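For reference, the structure discussed in these notes is given below.
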2 protein chains.
Amino acid sequence: MINKNSPIPIYYQLEEEIRRMILEELAPGDILPSERDYSEKYDISRMTVRQAISNLVKEGLIYRQKGRGTFVADKKFEQDLSGLSSFSEDMINRGLTPSSKLLSFNETSGNALVASKLQMETTDKIYEIKRIRLANEEPVALETVYTPKALVGELNEQDIDISFYDYIEKKLNLTIDYGDQTIEASLANEDEIHYLNINENDPVLVMHRTSYLNDVKETPIEYVTSTYRSDKYKFKMQMKRD
Amino acid sequence: MINKNSPIPIYYQLEEEIRRMILEELAPGDILPSERDYSEKYDISRMTVRQAISNLVKEGLIYRQKGRGTFVADKKFEQDLSGLSSFSEDMINRGLTPSSKLLSFNETSGNALVASKLQMETTDKIYEIKRIRLANEEPVALETVYTPKALVGELNEQDIDISFYDYIEKKLNLTIDYGDQTIEASLANEDEIHYLNINENDPVLVMHRTSYLNDVKETPIEYVTSTYRSDKYKFKMQMKRD
DNA sequence: GAGTGGTCTAGACCACCGC
DNA sequence: CGGTGGTCTAGACCACTCG
């Protein structure tokens with residue numbers, strides 16, 4: 001219910017109420033009560049109702065259709081919506097079997113770019129893990145992961161054998177919040193030609209990503225550079241408007 | 001400045017006006033005129049001003065501080081590119097000025113791939129618009145947009161001069177819901193070498209996108225192929241984990 | 001034609017900030 | 001204290017959808 005004398009804003013109380021309804025009573029595609037319904041039911045202004053609904057639309061929980069009404073969003077759609085995923089998860093989603101060949105596993109420090117991406121001092125210890133990533137036994141990407149030793153503790157090769165994200169989330173019980181990513185095109189360098197088994201002058205996709213934890217400080221948990229074979233890999237994403 | 005009789009919503013006109021001010025007159029950290037200032041200056045309601053300002057806050061272009069005012073955001077926080085955006089919006093977000101050179105503007109039909117992407121018959125009429133897209137007068141991308149004539153009606157070159165999305169959303173009053181996008185690496189072909197002013201064997205980023213309307217059928221509104229210069233353009237995105 | 005969301009008005013009171 | 005953004009009201013007209 002709505003308490004007009006509460007210090008909690010009415011629009012926020014209504015937001016919580018609608019959130020609860022969606023969880024407990026409604027299914028994706030169901031229509032919500034109209035803005036005027038809420039306005040009359042709780043004796044509040046329609047503009048206040050709109051503020052609550054607008055916030056939920058922004059979150060992707062519901063969507064509006066002019067002249068028709070407001071509806072509960074499809075959960076499937078929310079999930080398809082280009083989430084941050086590891087190489088392994090990505091390959092499984094594409095119906096392929098992921099695997100890895102470890103090239104090197106070092107404890108380093110001193111790389112200024114990496115330290116700044118991880119928001120650390122250049123003297124801090126950082127793991128550097130280079131791997132060939134394969135799909136159905138064929139090389140697809142050359143990947144280097146940097147992660148702060150202070151966060152992940154003593155790490156060994158088995159820990160990250162399949163998925164580094166699994167280790168972070170299941171073993172360390174940390175929650176990854178989001179990643180900032182860039183994608184560019186380049187020509188393969190000598191390492192890439194060699195490890196990915198491609199030719200000189202072959203174009204490649206280069207991805208850089210910094211991922212952040214769900215904590216208050218949004219601590220960086222990894223900085224990754226991946227080079228993908230352009231004949232084996234495309235980035236796919238679904239992006240919402242607004 | 002503000003035309004109350006225009007079919008373009010007042011809040012949107014004000015948004016554009018504030019966007020222009022930020023680009024041309026203001027620096028990060030500068031304070032904006034207050035909501036009441038705008039309200040009086042253009043003789044519009046403060047709630048309407050708030051709608052314009054809220055949209056810009058959502059985009060990360062400005063931020064509000066209770067009791068103090070509204071301020072221009074730092075550039076580094078502007079890159080909130082998780083959402084579907086047009087080339088123009090993308091460039092503006094990067095602090096660049098977008099423009100276009102029209103190469104061709106045709107009414108066609110018969111392309112099976114395009115027809116299938118737009119979920120149409122191969123006999124249906126489709127506009128094909130080829131443009132060079134520039135940022136600060138430098139060529140960045142070669143773009144071909146396909147859009148169903150049945151949806152956009154009689155189109156001319158001026159309509160899409162700056163932003164096709166603007167035309168769809170503000171003139172046609174259609175709502176774009178989401179886009180499915182792929183990004184791959186390739187080598188430039190002859191056309192791309194010529195129009196983008198690059199060299200043989202230069203790598204390029206090739207993006208394909210189908211965008212869908214917010215209607216019940218999720219009607220495709222455009223199919224786009226864009227080729228970006230790899231020395232001038234990286235895709236940037238923020239992805240949530242869950 | 002009845003109902004919906006989209007836009008807009010002309011006020012109001014509040015908590016907060018800086019002087 | 002005066003000015004700011006935050007919240008809220010009680011209406012209004014519009015374009016749109018659907019029966």
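Both backbone and side-chain heavy atoms feed into the values below; hydrogens, waters and symmetry mates do not. Just so it is clear, the structure is predicted and the values come from calculations on it, not from any experiment. Chain identifiers are assigned alphabetically (A, B, ...) following the order of the sequence lines, protein sequences preceding nucleic acid strands; residue numbering begins at 1 within each chain.
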| note | A/Leu14 CG to D/dT7 P, in whole Å, measures 14 Å
| message | Nearest whole Å is fine: how far is D/dG6 P from A/Ile44 CD1? | response | 20 Å
| field | Length of the line joining B/Tyr38:OH and D/dG3:P, which is rounded to integer Å | value | 19 Å
| Does OP1 or OP2 of D/dT9 have a side-chain N or O of A/Thr48 closer than 4.0 Å? | yes
| remark: Rounded to whole Å, CD of A/Glu35 lies from P of D/dA10 at a distance of 17 Å
| Short side-chain donor-acceptor distance under 3.5 Å, B/Asn111 and B/Tyr223 | no
| said: Could you check whether B/Arg19 pairs with B/Glu15 (Lys NZ or Arg NE/NH1/NH2 to Asp/Glu carboxylate O, under 4.0 Å)? | reply: yes
| Does B/Thr70 have a side-chain nitrogen or oxygen under 4.0 Å from the phosphate oxygens OP1 or OP2 of D/dT4? | no
| field | Length of the line joining A/Glu40:CD and D/dA10:P, which is rounded to integer Å | value | 12 Å
| query | Any side-chain N or O of A/Tyr11 less than 4.0 Å from the OP1 or OP2 oxygen of D/dT7? | reply | yes
| field | N/O (side chain, A/Ser34) to phosphate O (OP1/OP2, C/dT4) under 4.0 Å | value | yes
| B/Tyr42 and B/Thr48 side chains, donor-acceptor separation under 3.5 Å | no
| query | How do B/Leu172 and A/Ile10 order along DNA chain D: which one's closest nucleotide is nearer the 5' end? | reply | A/Ile10
| d(CG, B/Leu32; C1', D/dT4) in whole Å | 13 Å
| For C/dT7, does OP1 or OP2 lie under 4.0 Å from any side-chain N or O of B/Gln51? | yes
| query | Checking side-chain contact (heavy atoms from CB on, under 4.5 Å) for the pair A/Tyr12/A/Asn55: CA distance, chi angles, key distance, verdict? | reply | CA-CA 9 Å; A/Tyr12 188 78; A/Asn55 287 340; over 6 Å; no
| Is a salt bridge present between A/Glu16 and A/Arg20, judged by a nitrogen-to-oxygen distance below 4.0 Å? | no
| Selection from C/dG6, D/dG6, D/dT7 that lies nearest to any side-chain heavy atom of B/Arg64 | D/dG6
| Donor-acceptor pair, B/Ser39 side chain versus B/Ile44 backbone, under 3.5 Å? | yes
| field | Per A/Pro9 side chain, nearest of listed nucleotides D/dC8, D/dT4, C/dT4 | value | D/dC8
Are any protein N/O atoms closer than 3.5 Å to N/O atoms in nucleotides 13-19 of chain C? If there are, list each pair with its distance.
unit_1: C/dG18; atom_1: OP1; unit_2: B/Arg68; atom_2: NE; d: 3.2

| task | For the side chain of B/Asp37, starting at C-beta, report the closest nucleotide among C/dT9, D/dT4, D/dA10. | result | D/dT4
| query | Given atom CZ of B/Arg50 and atom P of C/dA10, what is their separation to the nearest angstrom? | reply | 18 Å
| message | Without decimals, in angstroms, what is the distance between A/Ile8 CD1 and D/dC8 P? | response | 11 Å
| task | Before accepting this row, confirm whether a basic side-chain N of the pair B/Asp37/B/Lys41 lies closer than 4.0 Å to the acidic partner's carboxylate O. | result | no
